There are 4 protein chains.
Amino acid sequence: MSSPARSRGNDPGEAARAARAAWRSRQLLDAAATLMEREGFQGVSMQALAEEAEVSVGLIYRYFGGKDELLLAVIVDVLDTISTRVPEAVAAAGDDPVEEVAAAFRAYCEVVDERRHAAVLTYRESRALSSQGRVKIKAMEVASTEPLRAALHRGTAAGLLVDLDADLVAHDLVLMAHGWALKHWYLEQKLDLGEYVAKQTALLLGSLVEPRRKRQYAHLLHPH
Amino acid sequence: MSSPARSRGNDPGEAARAARAAWRSRQLLDAAATLMEREGFQGVSMQALAEEAEVSVGLIYRYFGGKDELLLAVIVDVLDTISTRVPEAVAAAGDDPVEEVAAAFRAYCEVVDERRHAAVLTYRESRALSSQGRVKIKAMEVASTEPLRAALHRGTAAGLLVDLDADLVAHDLVLMAHGWALKHWYLEQKLDLGEYVAKQTALLLGSLVEPRRKRQYAHLLHPH
Amino acid sequence: MSSPARSRGNDPGEAARAARAAWRSRQLLDAAATLMEREGFQGVSMQALAEEAEVSVGLIYRYFGGKDELLLAVIVDVLDTISTRVPEAVAAAGDDPVEEVAAAFRAYCEVVDERRHAAVLTYRESRALSSQGRVKIKAMEVASTEPLRAALHRGTAAGLLVDLDADLVAHDLVLMAHGWALKHWYLEQKLDLGEYVAKQTALLLGSLVEPRRKRQYAHLLHPH
Amino acid sequence: MSSPARSRGNDPGEAARAARAAWRSRQLLDAAATLMEREGFQGVSMQALAEEAEVSVGLIYRYFGGKDELLLAVIVDVLDTISTRVPEAVAAAGDDPVEEVAAAFRAYCEVVDERRHAAVLTYRESRALSSQGRVKIKAMEVASTEPLRAALHRGTAAGLLVDLDADLVAHDLVLMAHGWALKHWYLEQKLDLGEYVAKQTALLLGSLVEPRRKRQYAHLLHPH
DNA sequence: CATGAATGAGTCTTCATTCAT
DNA sequence: CATGAATGAAGACTCATTCAT
């Protein structure tokens with residue numbers, strides 16, 4: 001992204017430098033995520049971040065323009081993960097649009113679960129983002145729900161799902177995924193991630209699957 | 001000293017003092033809410049708050065122990081509003097549990113809409129709360145969903161709703177209400193609050209209402 | 001200048017507050033001048049300034065918007081002094097334009113001598129000024145030479161001085177005054193302020209006084 | 001190691017090395033001068049300097065001990081230029097001491113004009129110099145005025161100039177030359193360099209040339 | 001010789017909080 | 001009760017300098 005590599009020619013040092021830059025970025029992004037999990041983004045000082053990442057403060061500024069850009073990078077990192085994992089899950093779900101929706105939702109929830117704080121950073125720290133960054137994030141967020149919307153549309157087109165507002169349903173699915181992080185303090189004492197995914201899937205698909213197709217998706221609609 | 005009577009039960013001076021205190025609290029809480037809507041809680045300095053409320057900085061500390069307590073108070077204020085408005089809506093909904101659920105959800109959404117930022121402060125600023133405050137807030141949040149859970153239970157008991165996980169469904173309803181604030185930048189370009197409430201109600205009740213009772217609730221299940 | 005007083009009404013506290021604000025400004029300006037004499041402006045940290053002035057760092061920001069504004073204020077303070085002292089000297093010099101020029105130059109040199117570093121701050125630190133501040137300073141500098149230019153013009157009009165480029169001569173006089181500060185390390189080992197003023201006056205007036213009026217100004221043209 | 005010969009007197013490798021060193025120094029000095037013209041010395045970071053000079057930061061430290069030494073080198077470079085150009089101008093002026101003074105002043109002004117910022121660096125950044133460096137600079141400055149003082153003395157000895165304080169007059173001439181840089185923002189809107197030189201020459205020589213020799217120097221005393 | 005990644009002390013600035021009036 | 005001047009710790013960020021390659 002904002003790597004200091006210059007890409008002027010392709011001498012041997014070039015690749016090594018790029019590799020180091022990538023490693024540093026990851027190191028910093030991970031340290032940032034770790035600390036934020038504990039303290040929230042605002043609660044993490046650049047000093048503390050440097051300590052956690054075992055680098056000097058100054059080095060952070062070589063890789064990220066400032067605290068705001070770092071925040072942006074962390075959020076983008078999660079959205080990138082989602083943009084990779086959700087389509088993978090959809091692809092692995094076979095050709096059935098309903099299965100695809102369920103798989104996409106499960107994948108979304110799993111990423112959120114893995115990076116609980118980072119996943120909901122947008123809600124918490126959007127104030128700190130530049131308006132430019134905000135626009136970028138919003139675009140990425142919308143883009144990341146595209147696989148969901150597409151599967152929903154296919155489901156309706158195939159007569160498997162009722163006529164629905166795909167935008168709203170996609171929004172609900174994402175919200176429910178985020179809900180796992182947002183209300184984790186409450187939910188974790190009631191159920192685990194698998195149950196949460198299963199029950200929410202059942203709940204939403206319950207009113208979305210064409211009534212006469214419901215038998216076909218019993219495994220989704222009536223999780224044991 | 002300057003007060004005419006010296007705390008002898010409920011003399012007039014005492015009442016006047018209490019009234020002023022209440023007025024000041026409201027003044028400060030409103031100023032805080034106003035500013036936070038624009039800048040987020042962290043972005044509001046005590047100095048700016050004092051200016052907005054047209055009091056001195058020092059005075060804030062007479063009414064609230066500090067910035068954290070003020071945050072707590074603002075959140076509590078919203079939760080209090082919900083704890084008042086939701087039961088009112090339930091009571092006004094007649095005796096039908098399904099209508100009650102719908103009414104409770106609508107009321108919840110309306111409060112969220114009125115105080116968009118303050119309503120989701122818990123998500124954004126919970127880090128700043130003392131653990132004590134956090135416990136209090138969580139308890140209040142759970143309590144505020146009680147009317148929803150109770151109505152859901154009544155619905156199931158009356159055979160109007162399927163057997164459901166009331167905790168989870170209540171959580172979903174609250175999440176959807178908050179979703180209106182959290183994703184307002186996205187939703188507002190698609191629908192208005194009334195449509196949002198109607199469609200979400202339909203969506204969830206779609207899988208909750210006992211199939212053979214669905215005709216009875218057509219107005220909720222098939223908005224417009 | 002940027003005093004925090006609000007001037008809303010004229011209650012008793014108002015005057016006291018304004019007085020304190022003025023006292024604080026002076027205290028800070030003096031501390032700044034003292035330190036700058038030793039370290040140059042860039043070399044003075046806000047921390048050190050606070051220590052010298054025996055106030056807290058934060059307080060400086062109540063009276064001056066930042067380090068740049070403080071620099072501006074120090075420069076303006078010197079220019080204000082000049083704008084007061086030079087006209088006073090001119091007024092005290094009687095009605096003779098040549099005497100007025102000499103008096104103005106002497107006064108200018110005396111102020112420079114009293115505030116050696118601060119007087120030439122413009123040359124040294126103009127980079128740190130905002131362009132707005134720069135414009136202000138330049139205007140004040142030009143204005144402060146007005147008495148000189150006016151006296152020169154009067155001298156020419158009265159047939160006491162030759163036809164001259166008043167702008168350039170005024171610039172030379174100011175430059176010579178500043179020269180006392182700029183090259184003090186060199187000059188102080190050759191002569192004292194009085195001699196410097198006398199000799200420079202003689203030098204410049206030597207080619208400015210109308211030849212046939214020279215006898216009249218022998219005391220200026222042939223010091224000692 | 002990589003050099004063919006090992007420092008045995010003045011073999012070809014040695015010369016090449018010295019040439020490269022000289023070339024590097026010049027490259028760096030020029031880059032420094034260029035940047036300083038825009039940003040002032042303090043405003044130029046070693047990183048920016050490296051970029052401008054198209055070398056690495058580390059390399060600067062091979063040629064100059066640090067930022068302070070670089071500053072010293074830049075100043076010395078200007079003073080060297082003056083020490084070359086002024087005597088050249090004097091030599092080219094023929095044998096007349098008055099012409100020599102005028103020529104020296106013109107040359108001084110021309111160098112100042114060519115390197116406007118660097119020429120007055122002593123005034124601006126002397127604080128950053130080591131006391132050792134300061135001493136060196138002062139000595140060089142005084143030395144650079146020697147041709148002026150010598151010409152002035154010759155003028156007096158030859159009965160062409162009045163009895164004068166050569167130190168002070170030399171100081172004035174240098175100050176006027178520097179004045180062109182120091183007050184360039186003001187002067188440039190009034191006159192160009194040629195006019196400035198001519199008028200200042202006339203002004204000072206006006207009181208320095210022996211009255212009865214004035215006709216002889218009319219071209220200097222009454223510039224068109 | 002040359003590079004440029006890495007360091008970390010030091011800078012300006014903000015702001016929650018206190019307290020004399 | 002109310003004020004707002006004063007405090008000072010803590011934060012983000014810069015940049016001269018070093019050193020492994």
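Note on naming: letters A, B, ... go to the chains in the order of the sequence lines (proteins, then strands), and numbering restarts at 1 for each one. These numbers come from the heavy atoms of this one structure, side chains and all, not from hydrogens, waters or symmetry mates. The model shown is predicted, which means the values in this text are computed figures rather than measured ones.
- The distance from atom CD of D:Glu51 to atom P of F:dC15 is 13 Å, rounded to the nearest whole Å.
- With DNA chain E read from its 5' end, the first of the two nearest nucleotides for D:Glu54 and A:Val55 is the one closest to D:Glu54.
- Note on A:Tyr63: a side-chain N or O is less than 4.0 Å away from OP1 or OP2 of E:dA6.
- When all heavy atoms are compared, the tightest approach of D:Leu28 to D:Ala53 is CD2-CB, 3.8 Å.
- Nearest-nucleotide assignment on DNA chain E puts the 5′-proximal partner with D:Val57, out of B:Gln47 and D:Val57.
- B:Arg17 places its CZ atom 6 Å from the P atom of F:dC1, with the value rounded to the nearest Å.
- For D:Ser45 and F:dC15, the shortest distance from a side-chain N or O to OP1 or OP2 is not below 4.0 Å.
- Atom CD of C:Gln27 and atom P of F:dA5 are 15 Å apart (whole Å).
- In this structure, CG in A:Leu59 is found 5.0 Å from CZ in A:Arg24, a value given to the nearest 0.5 Å.
- Remark: B:Ser56 is not in phosphate contact with F:dG4, judged by side-chain N or O atoms under 4.0 Å from OP1 or OP2.
- Judged by the 6.0 Å and 45° rule, B:Lys67 forms no cation-pi pair with B:Tyr61.
- The nearest heavy atom of DNA chain F to D:Asp68 and to A:Phe41 marks one nucleotide each, and the one closer to the 5' end goes with A:Phe41.
- Using a 4.0 Å cut-off, some side-chain N or O of C:Arg24 falls inside it from OP1 or OP2 of F:dA6.
- At a threshold of 4.0 angstrom between heavy atoms, the contacts of D:Met46 include nucleobase atoms, whether or not backbone atoms are also involved.
- For the pair C:Leu71 CG and E:dT13 P, the interatomic distance rounds to 12 Å; values are reported in whole Å.
- The side chain of C:Arg62 places no N or O atom within less than 4.0 Å of a non-bridging phosphate oxygen (OP1 or OP2) of F:dT7.
- Summarising the geometry, the separation between CH2 on A:Trp23 and C1' on E:dA6 is reported as 15 Å, rounded to the nearest angstrom.
- Of all nucleotides present, none satisfies the Watson-Crick or G-U wobble test against E:dC1 with each distance under 3.5 Å.
- The interatomic distance linking A:Lys67 (NZ) with F:dG11 (C1') rounds to 8 Å, in whole Å.
- Remark: A:Arg20 is not in phosphate contact with F:dT21, judged by side-chain N or O atoms under 4.0 Å from OP1 or OP2.
- Nearest-nucleotide positions on DNA chain F place A:Tyr61 closer to the 5' end than the other of A:Tyr61 and D:Gln42.
- Note that CG of C:Leu70 is 5.0 Å distant from CZ of C:Phe41, once rounded to the nearest 0.5 Å.
- Rounded to a whole Å, the CG atom of A:Leu28 is 15 Å from the P atom of F:dA12.
- Residue D:Glu39 contributes atom CD, which lies 11 Å from atom P of F:dC15 at whole-angstrom precision.
- Taking every heavy atom of both residues into account, B:Glu125 and B:Leu71 meet most closely at O-CD2, 3.7 Å.
- For E:dC12, the paired nucleotide is F:dG11, the pair qualifying as Watson-Crick or G-U wobble because both relevant distances are below 3.5 Å.
- Sparse packing is recorded around CD of A:Glu51, with 12 or fewer heavy atoms of other residues, nucleotides or ligands lying under 6.0 Å away.
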